[in-house]
S.K.: 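Below you will find the structure I want to go over with you.
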Amino acid sequence: ISTYAGQILSYRPVSQNSDMLFLSEAAYFRDGKAIKGGSPVCWPWFGADPENKGRAAHGFVRNRQWRVTDTQTLDDGSTRIVLAIDSNDEILAIWPHAFELSIQFTLGTSLEISLATTNRDSQPVEITQALHTYFKVGDISKTQLLGLEGKSYIDTLDNNQTKTQQGLVEFVAETDRIYTDIDSDIILNDPVLERNIKIASTGSKSAVVWNPWVEKSASMDDFLDEEYKIMLCVETTNAGPDTVDLASGDTYVLKARYTVS
């Protein structure tokens, strides 16, 4: 877990030979840059700057230092680590809303990530957000997602058209979709690594599925050209029409639990 970006980079339960998470071999590890892999935090907006002010995509907490606020061993033997970041003068100049943001990692036979936003401003605020989780897969062309059959999604690669998922999600080209009205677990089936990853979420009605494929991979300096073959992002989000309205003093929790079998 990196205190820079408040981000988990690696998780391998003892039952597995391979890491659950993908981390690019070309990932940046320097100030001002996001780390490509693990589970970055997109906050307080997902995607492009919603106000078109020229601010970075996916917000500003994934390239800043967080602080450790708590560590403990739980009764079941799992470990819990909590990091936090809050508004300061520099951040308020970017986004003028006082806040407290904490992320809690609970690591044992499963991995749970819980992101809690508290609005410390005197005014209500609207946010979008994501746990932008990169999963390691054996071969993207053989990987499938179960649980999204019949769901509507926004295809960001096709003029944001709304479409309906027919059958299982499979991958033959660049994919960038916001699935909406999510009400059940998503299963990542990986026959090459011989495992299933169950993604259970709360505080979320949307999920983003992303793989950059050939051309976009080649265009990214912090991602190797062939790495698209061994990764898949399945993101627990409040994105698209799934937004969060926070009254002054309120707290909202976005949570994902990942179980490998």
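What you see is a predicted model, and the numbers here were worked out from it, not measured in a lab. All heavy atoms count here, side chains included; hydrogens, waters and symmetry mates do not.
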S.K.: Flag the pair D155 and R177 as a salt bridge only when some basic side-chain nitrogen lies within less than 4.0 angstrom of an acidic carboxylate oxygen.
M.R.: no
S.K.: State whether the side chain of E149 and the backbone N or O of G147 hold a donor-acceptor pair below 3.5 Å, judged by distance alone.
M.R.: yes
S.K.: Are I186 and V260 connected in the hydrophobic side-chain network, where two residues link if heavy atoms are under 4.5 Å apart?
M.R.: yes
S.K.: So if you build clusters from Ile, Leu, Val, Met, Phe, Trp, Tyr with side-chain heavy-atom gaps below 4.5 Å, do W66 and V82 land together?
M.R.: no
S.K.: Among F135, Y11, Y134, which residue satisfies the ring-ring contact (aromatic ring centres under 6.0 Å, His included) criterion with Y258?
M.R.: F135
S.K.: Does G138 offer a backbone N or O that forms a donor-acceptor pair with the side chain of D190 under 3.5 Å?
M.R.: yes
S.K.: Answer yes when D222 and R30 have at least one side-chain N-carboxylate O distance shorter than 4.0 Å, and no when they do not.
M.R.: no
S.K.: Tell me if a side-chain donor or acceptor on Q144 pairs with a main-chain N or O of L146 at a distance below 3.5 Å.
M.R.: no
S.K.: Determine whether M231 and I187 fall in the same hydrophobic cluster, where Ile, Leu, Val, Met, Phe, Trp and Tyr are linked whenever their side-chain heavy atoms lie under 4.5 Å apart.
M.R.: no
S.K.: Would you call the rings of H132 and W210 parallel, tilted or perpendicular, taking 30° and 60° as the class edges?
M.R.: perpendicular
S.K.: Once you round to the nearest 0.5 Å, how far does OG1 of T156 lie from CD of E174?
M.R.: 7.5 Å
S.K.: Which residue is it: L157, D176, I140? I am looking for the one with a side-chain contact (heavy atoms from CB on, under 4.5 Å) to W213.
M.R.: I140
S.K.: Using atom types as modelled and distance alone, determine if a side-chain donor or acceptor of Q7 lies under 3.5 Å from a backbone N or O of I35.
M.R.: yes
S.K.: Group every Ile, Leu, Val, Met, Phe, Trp and Tyr by side-chain heavy-atom contacts under 4.5 Å, then state whether Y228 and V137 land in the same group.
M.R.: yes
S.K.: Taking atom types as modelled, find out whether S206 and T237 have a side-chain donor-acceptor pair closer than 3.5 angstrom.
M.R.: yes
S.K.: Under 4.5 Å between any side-chain heavy atoms of T143 and N189, yes or no?
M.R.: no
S.K.: Please determine if E90 and R64 form a salt bridge, counting it only when a charged side-chain N lies under 4.0 Å from a carboxylate O.
M.R.: yes
S.K.: Are R12 and D19 close enough for a salt bridge, meaning some N to O gap below 4.0 Å?
M.R.: no
S.K.: With a sphere of 6.0 Å drawn around CG of N88, does it hold more than 12 non-hydrogen atoms of other residues, nucleotides or ligands?
M.R.: yes
S.K.: Do you know the tightest heavy-atom contact between D139 and S141?
M.R.: OD1-OG, 2.7 Å
S.K.: Among pairs that include at least one residue of residues 120-131, which meet side chain to side chain donor-acceptor pair (under 3.5 Å), considering only residues two or more places apart or in two chains?
M.R.: E100-R120, Q129-N238
S.K.: Side chains of W95 and F60: does their closest heavy-atom pair fall under 4.5 Å?
M.R.: yes
S.K.: Measure the acute angle between the ring planes of F46 and H58, then classify it against the limits of 30° and 60° as parallel, tilted or perpendicular.
M.R.: tilted
S.K.: Who passes side-chain hydrogen bond (donor to acceptor under 3.5 Å, both in side chains) against S39, sequence neighbours left out?
M.R.: T133
